[in-house]
Undergrad: 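Below you'll find the structure I mean.
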Amino acid sequence: MLRNITPEGAAAMLTEAFRPVPRVTSVNCYAIHSAGRLALVETGCGNTMQDSAGKLLQNMAAAGLDPAKVEAVILTHMHPDHSNGLTDPASGKPFFPNAELVMHADEWAHWHDDARMAQAPEMMRIRYFPSARQQAAPYRDRLRLHRGGEVFPGVTAMPLQGHTPGHTGYMVASGTETLFIWGDIVHVPEVQIPRPEVAIEFDTDSAAAIATRRRVLDMVATDRLLIAGMHMHFPGYAHIMRAPEGYRMVPEAWRQAL
Ligand SMILES: [Zn+2]
């Protein structure tokens, strides 16, 4: 799936980092409490991918979070591992009946563009486009599209175009602390953090995705930001430092009370 690196080169980097080959990927979602309100950043893949994924509703129950109390579901982008947990495909009912659906306007437009769907690679045409439309449909009346700016109290959208046309990160501010939820800036952290030029086949615009990754890595290393990512290893928080080649991740230690 990776571009600008050989399979052997990527496997060697994973092995060097004590990770299994083929890779194992986390799919994280984040809950935000702010101003007495509850938002979710993404919904994971529902029951449409592997048995080891799609645990959002169970994990919310364990954390005492009621899906009916979620006021906003905020998306970094619409790919099956991010937005297929919005709606039950069997019943067509939304899992978050009182939530607004929040995403970049270009993201919504991309997945609802018939001409783009017709031109898309087969996997996108038969799987990604239909599932994005089906998953988002029950939220049509509660849709809030943005082009950046504050989308929830203390949560500011930062467009990070490339992986998809409306791919967006979210800066979360609380008191003196800041967390940057960077979406899919990396899919394979052990490879793409040291070598930001390595791209993944799901990028709609691979050159833009690489440029965005370089810009974001530079920003978070310079500003020493705590980052969260949908494919950072669970629990999904890290810092990024400059390294002799590219960058290096420093996972955040788990804290029971974040
Ligand atoms: Zn993803």
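When a ligand or atom number is given, it counts from 1 through the structure's own listing order. Predicted model only: the values in this text are computed from it and were never measured.
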Undergrad: For the Zn ion (ligand 1), how many protein N, O or S atoms lie at less than 2.8 Å?
TA: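 Count of protein N, O, S atoms less than 2.8 Å from the Zn ion (ligand 1): 4.
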
Undergrad: Donor-acceptor pairs are to be reported for all side-chain atoms of residues 58-65 against protein atoms at under 3.5 Å, with residues two or more places apart or in another chain.
TA:
unit_1, atom_1, unit_2, atom_2, d
N59, ND2, K55, O, 3.3

Undergrad: List the steps, then state whether ring pair (Phe, Tyr, Trp, His ring centres under 6.0 Å) holds for H163 with F202.
TA: CA-CA 7 Å; H163 178 50; F202 316 119; 7.2 Å; no

Undergrad: Starting at CE of M219, measure out to CD1 of I227 and round the result to the nearest 0.5 Å.
TA: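 The CE atom of M219 sits 10.0 Å away from the CD1 atom of I227.
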
Undergrad: Please determine if D203 and R3 form a salt bridge, counting it only when a charged side-chain N lies under 4.0 Å from a carboxylate O.
TA: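 Looking at R3 together with D203, the answer is no, because their closest N to O distance does not fall below 4.0 Å.
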
Undergrad: Partners of S83 by side chain to side chain contact (heavy atoms under 4.5 Å, CB included), sequence neighbours excluded?
TA: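 Per chain and number, S83 pairs via side chain to side chain contact (heavy atoms under 4.5 Å, CB included) with L75, M78, L86.
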
Undergrad: If you look only at pairs with a residue in residues 191-201, which of them pass as a side chain to side chain donor-acceptor pair (under 3.5 Å), with sequence neighbours excluded?
TA: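 Qualifying pairs, neighbours excluded: R195-E197.
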
